[in-house]
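First up is the structure itself, then whatever we jot down about it.
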Amino acid sequence: MRHFGQLGAEVRRRLFHIEPQSFDRRSDAPVLAAALGATLYCPATRPTLAADVRRQAARGAVSMVLCLEDAIADSQVRAAEANLLTQLARLAAGPEDGLPLLFVRVRTAEQIGDLTRRLGAAARLLSGYVLPKFTEATGPGYLERLAEAEAALGQRLFGMPVLESPELAHLERRGSELLGVAEVLAKHRERVLAVRLGVADLCAAYGLRRSPELTAYDLPLVAGAIGDVVNVLGRTDGTGFTLTGPVWEYFGLPGGGPELDGLRRELELDLANGLLGKTCVHPSQLPVVHARMVVSHEEYRDASDILRREAGGVSASDYRNKMNEAGPHRRWAERVLRRAAAFGVARAGVGFAELLSAVRGG
């Protein structure tokens, strides 16, 4: 699979200076982490789940989460598990080429081993599990059960912890909690694909909800939490992890309006703060996220120039509008090229609007 693979070859040539690279669920972890893109969440109760997965993959989804947690009612858990087993068996009975990276969001650590066992041969379709309400206290249990399931299955399984608990929202506990989480994750680094931010739950702790005109960064409480997560877990010194952007819960996007404008602004701020990819709850969000993840021609030229200057120093951008300083900007440039490999580089003069129109079929 690869991003924008649903577009025709001629369209891709017109849009891209460098096209996205292909990958599959056996690719190296850094490749997969950078390529997650718009991760689409689906309730595991959907009776057409197998067909939905194939349909969204054909439309450009490369990562999906089949949810057994907040997306379903407490009374639906057993039925959702049964449906999940049935639907994954249907997927396993058909062609596997083109399927997205599939993750299951569990409610408890015990579900990881139980579901992996009950899935049988269909478990081979899984790339891993999403680990909700992840804290210093609950994290070890999740990751230990994940390691056991991986060993029993004989196949790599990743975990994607979600930071969304009150311990993260409350100022007096946030620092120690994040340092504790960092220690837990460091012990299982090879098993952690990305760390996800659960902003809806952080807002819930204070009875907050942002409107479509506002981004998560417009709420000081949420922005502060995101900043602290990046501070501790987003470092580029080898101790950090790929961090994904918070969910955008509004999906009245096809006609534009405040929902589209708000999502686009939030994506800009995600990238500016070092977050890559986004939790999505509606297929209409995917083209917007993926169009913004494409590296602009200007970004690519700047990043390439910076990485060529191994001896350091300062130069003017090829676009003659900024200073490129090889030392301070080097890790930024490395991030840009990782994103470029996953999402491609736009041709000069091709921007967000043209990319979005092409992905939407406009």
Side-chain angles (χ1 to χ4, degrees), residues 29-30 32-33 36 39 41 44 65-71 74 77 81 84 101-119 123 126-202 204-205 225-226 228-235 237-244 246 275 277 279:
L32 296 183
L36 285 168
T39 300
Y41 276 55
V65 173
L66 314 179
C67 187
L68 293 167
E69 206 231 359
D70 283 349
D74 295 345
V77 174
E81 285 185 348
L84 178 69
L101 305 174
L102 292 175
F103 301 85
V104 174
R105 177 167 168 151
V106 293
R107 288 187 169 221
T108 68
E110 290 69 29
Q111 278 180 308
I112 295 173
D114 181 57
L115 287 171
T116 303
R117 175 184 57 80
R118 292 165 64 192
L119 279 167
L126 291 185
S127 291
Y129 289 90
V130 174
L131 316 175
K133 314 294 190 290
F134 193 96
T135 66
E136 179 184 10
T138 64
Y142 277 124
L143 293 169
E144 288 162 10
R145 300 294 86 73
L146 185 65
E148 292 168 1
E150 184 180 71
L153 183 61
Q155 172 187 309
R156 182 179 65 177
L157 289 173
F158 288 115
M160 290 201 290
V162 186
L163 303 185
E164 55 187 343
S165 297
E167 291 90 337
L168 184 62
H170 297 160
L171 180 62
E172 69 274 16
R173 303 179 63 181
R174 185 185 304 158
S176 61
E177 176 64 25
L178 280 174
L179 292 173
V181 165
E183 288 187 15
V184 171
L185 295 178
K187 293 177 183 177
H188 298 266
R189 176 169 296 277
E190 74 286 355
R191 210 157 276 117
V192 179
L193 184 61
V195 178
R196 311 195 72 89
L197 285 161
V199 162
D201 278 40
L202 297 183
I226 292 174
D228 288 345
V229 170
V230 173
N231 189 318
V232 177
L233 299 177
R235 301 177 186 183
D237 59 0
T239 66
F241 299 86
T242 296
L243 305 176
T244 68
L275 310 185
T279 296

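Just so it is clear, the values below take in all heavy atoms, side chains as well, and ignore hydrogens, waters and symmetry mates. On a predicted model such as this, the values are computed, not experimentally measured, just so you know.
Separating the CZ atom in Arg105 from the CG atom in Leu131 is a distance of 9.5 Å, to the nearest 0.5 Å. Put simply, CG on Leu157 and CD on Gln155 are 5.5 Å apart, with the number rounded to the nearest 0.5 Å. Taken from CG in Leu36 to CZ in Phe158, the straight-line distance is 9.5 Å, to the nearest 0.5 Å. Rounded to the nearest 0.5 angstrom, Gln111 CD and Leu84 CG are separated by 9.5 Å. The CD atom of Glu164 sits 7.5 Å away from atom CG of Leu202, with the distance rounded to the nearest 0.5 Å. Going from atom OG1 of Thr279 over to atom CZ of Arg196 covers 3.5 Å, rounded to the nearest 0.5 Å.
Glu148 places no side-chain N or O within donor-acceptor distance of the main-chain N or O of Ile112, the cut-off being under 3.5 Å. Ser165 contributes no side-chain N or O that, together with a main-chain N or O of Glu167, makes up a donor-acceptor pair within less than 3.5 Å. In this structure, Thr244 contributes its side chain and Ala194 its backbone to no donor-acceptor pair below 3.5 Å. Put simply, the side chain of Arg189 gets close to the backbone of Gly240: a donor and an acceptor are under 3.5 Å apart. With hydrogens and angles ignored, the 3.5 Å screen pairs a side-chain donor or acceptor of Arg174 with a backbone N or O of Leu168.
Between Val232 and Leu179 there is a side-chain heavy-atom pair separated by less than 4.5 Å. Taking the side chain as every heavy atom from C-beta outward, Phe134 and Val162 never approach each other to under 4.5 Å. At a threshold of 4.5 Å between non-hydrogen side-chain atoms, the residues Asp70 and Lys133 count as touching. Leu126 is not listed as a side-chain neighbour of Leu153, based on a closest heavy-atom distance of 4.5 Å or more.
Taking every heavy atom of both residues into account, Arg107 and Tyr142 meet most closely at O-OH, 3.3 Å. Taking each heavy atom of Leu243 and Gly234 in turn, the nearest pair found is CD1-CA, 3.8 Å. Shortest non-hydrogen contact noted between Leu101 and Ser127 is CD2-OG, 3.6 Å. The minimum heavy-atom distance between Pro246 and Val199, with the atom names listed, is CB-CG2, 3.2 Å. Scanning all heavy atoms of the two residues, the minimum distance from Leu146 to Arg191 falls at CD2-CG, 3.4 Å. Scanning all heavy atoms of the two residues, the minimum distance from Leu193 to Met160 falls at CB-CG, 4.2 Å.
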Pair Val229-Leu178, side chain to side chain contact (heavy atoms under 4.5 Å, CB included): steps then yes or no: CA-CA 7 Å; Val229 170; Leu178 280 174; 3.9 Å; yes
Just do the side chain to side chain contact (heavy atoms under 4.5 Å, CB included) check on Val181 and Val195 with the steps written out, would you? CA-CA 11 Å; Val181 165; Val195 178; over 6 Å; no
Does the pair Leu143 and Leu185 meet the rule for a side chain to side chain contact (heavy atoms under 4.5 Å, CB included), with working shown? CA-CA 9 Å; Leu143 293 169; Leu185 295 178; 4.3 Å; yes
Decide yes or no on side chain to side chain contact (heavy atoms under 4.5 Å, CB included) for Thr39 and Val130, but give the supporting numbers first. CA-CA 11 Å; Thr39 300; Val130 174; over 6 Å; no
Going through the checks in order, is the salt bridge (Lys or Arg N to Asp or Glu O under 4.0 Å) test met by Arg156 and Glu150? CA-CA 6 Å; Arg156 182 179 65 177; Glu150 184 180 71; over 6 Å; no
